[in-house]
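Everything on this sheet refers to the single structure shown next.
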Amino acid sequence: MLNIISIIFGALVGSFLNVCIFRLPNEESIIWPGSHCPHCKKPIKFYDNIPVVSYFLLKGRCRYCKGSISLQYPLVEGITALSSLFLIIKFGPSLSYLFYFAFVAALIVITVIDLYHQIIPDVISLPGIGVGLLASLLIPQITFSNSLIGVLLGGGSLFIVATFYQWLFKREGMGGGDIKLLAMIGAFLGWKAVLLTILLSSLIGSVTGILMMVAKGKDFKYAIPFGPFLSLGAVISLFYGEEIVRWYLYLNR
Ligand SMILES: [Zn+2]
């Protein structure tokens with residue numbers, strides 16, 4: 001029962017995240033006006049706004065003008081719903097669930113906005129640092145000092161990641177946005193997870209970069225934003241960080 005509630009709650013939050021994804025980069029209000037079709041501007045009725053379900057009932061088209069609705073809507077709603085489910089299984093109905101769900105929701109918004117616009121909005125990452133520090137005072141998973149060191153290390157590791165990225169892609173890829181994102185990740189997950197996130201995201205980023213170079217030819221110069229890799233690395237650290245560190249220490253005994 002709890003699992004079903006967490007999925008429905010996650011899907012509803014995902015629906016709100018879609019609004020943030022479209023409006024934050026344009027500095028529009030995320031509260032008003034309500035959802036409307038991007039083609040014909042008609043307001044979307046509540047029964048056409050059911051997360052994931054409506055997209056399939058309407059076969060991906062607006063009820064009025066038949067303009068196509070982006071696949072991003074059901075994808076973001078579905079991923080947010082699944083995140084909510086996995087987090088309730090990991091943390092149970094608790095304050096920890098709420099804080100980490102807010103964290104993952106922020107990462108989802110950052111990932112999609114970074115993919116579209118190559119920016120990471122400060123309005124998410126900067127308050128995120130504050131919320132992460134606050135969470136460390138209230139939840140048992142992380143201490144305040146660990147969270148604070150995480151912020152400093154995340155912010156300070158600019159040099160390492162930027163150098164690696166520049167070496168790999170032969171271009172400057174790290175922006176200030178990535179640094180603030182890494183500081184936010186440090187605030188929620190602590191300093192060990194910052195190191196693990198850098199390691200994982202560099203690894204996944206390199207493999208992706210190499211695959212794309214192989215697929216598109218050697219002069220491939222498409223700008224790959226780093227935010228999605230950092231976000232993915234952070235989510236893996238959140239769910240499997242302890243196991244990975246324990247496995248690593250076991251290997252090095
Ligand atoms: Zn329409």
Side-chain angles (χ1 to χ4, degrees), residues 3-88 98 101-128 131 175 177-178 180-181 184 208 212 215-216 221-232 234-235:
N3 290 359
I4 294 168
I5 294 171
S6 76
I7 290 176
I8 295 170
F9 175 64
L12 290 170
V13 171
S15 187
F16 173 70
L17 297 187
N18 273 316
V19 175
C20 296
I21 287 165
F22 276 110
R23 297 190 187 179
L24 281 180
N26 303 324
E27 290 177 11
E28 288 174 52
S29 163
I30 52 173
I31 314 285
W32 189 89
S35 309
H36 48 80
C37 168
H39 308 287
C40 66
K41 310 285 178 220
K42 275 218 171 79
I44 294 165
K45 296 266 166 40
F46 72 91
Y47 51 79
D48 283 341
N49 213 355
I50 304 162
V52 187
V53 178
S54 286
Y55 180 86
F56 291 100
L57 287 180
L58 294 167
K59 300 192 177 70
R61 304 209 163 267
C62 168
R63 179 181 291 278
Y64 308 103
C65 69
K66 303 291 168 203
S68 72
I69 305 167
S70 167
L71 190 61
Q72 180 210 307
Y73 285 94
L75 270 180
V76 166
E77 288 155 0
I79 290 170
T80 312
L82 281 180
S83 308
S84 173
L85 173 66
F86 291 146
L87 287 167
I88 206 88
L98 282 179
F101 183 50
F103 174 61
V104 173
L107 293 178
I108 291 170
V109 173
I110 285 172
T111 293
V112 183
I113 290 182
D114 203 13
L115 283 173
Y116 279 135
H117 303 280
Q118 271 87 51
I119 51 158
I120 295 173
D122 285 350
V123 291
I124 301 174
S125 55
L126 291 182
V131 174
D178 295 306
K180 287 169 232 166
L181 169 59
M184 178 182 103
T208 309
M212 288 184 97
K216 309 225 165 170
K221 286 235 166 60
Y222 175 76
I224 303 178
F226 202 61
F229 296 117
L230 287 173
S231 302
L232 184 60
V235 170

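Counting begins at 1 with the first residue of the sequence. Each ligand, and each atom within it, is numbered from 1 in the order the structure gives. The structure presented is a predicted model; accordingly, all values stated were derived computationally and were not measured. Just so you know, these numbers use all the heavy atoms, side chains as well, and skip hydrogens, waters and symmetry mates.
- The two residues Phe101 and Leu87 have their closest heavy-atom pair at CA-CD1, 3.5 Å.
- When atom types are taken as modelled, the side chain of Asp114 and the backbone of Pro225 share no donor-acceptor pair closer than 3.5 angstrom.
- Inside a sphere of radius 2.8 Å centred on the Zn ion (ligand 1), the protein N/O/S atoms present are Cys37 SG, Cys40 SG, Cys62 SG, Cys65 SG.
- Put simply, the side chain of Ser84 never gets that close to the backbone of Thr80: no donor and acceptor are under 3.5 Å apart.
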- [ ] Would you please test Lys180 and Ile120 for side-chain contact (heavy atoms from CB on, under 4.5 Å) and show each step?
- [x] CA-CA 9 Å; Lys180 287 169 232 166; Ile120 295 173; over 6 Å; no

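- Checked against salt bridge (charged side-chain N to carboxylate O under 4.0 Å, His left out), Arg63 has the following partners two or more places apart in sequence or in another chain: Asp48.
- Environment of CG in Leu71: crowded, with over 12 heavy atoms of neighbouring residues, nucleotides or ligands closer than 6.0 Å.
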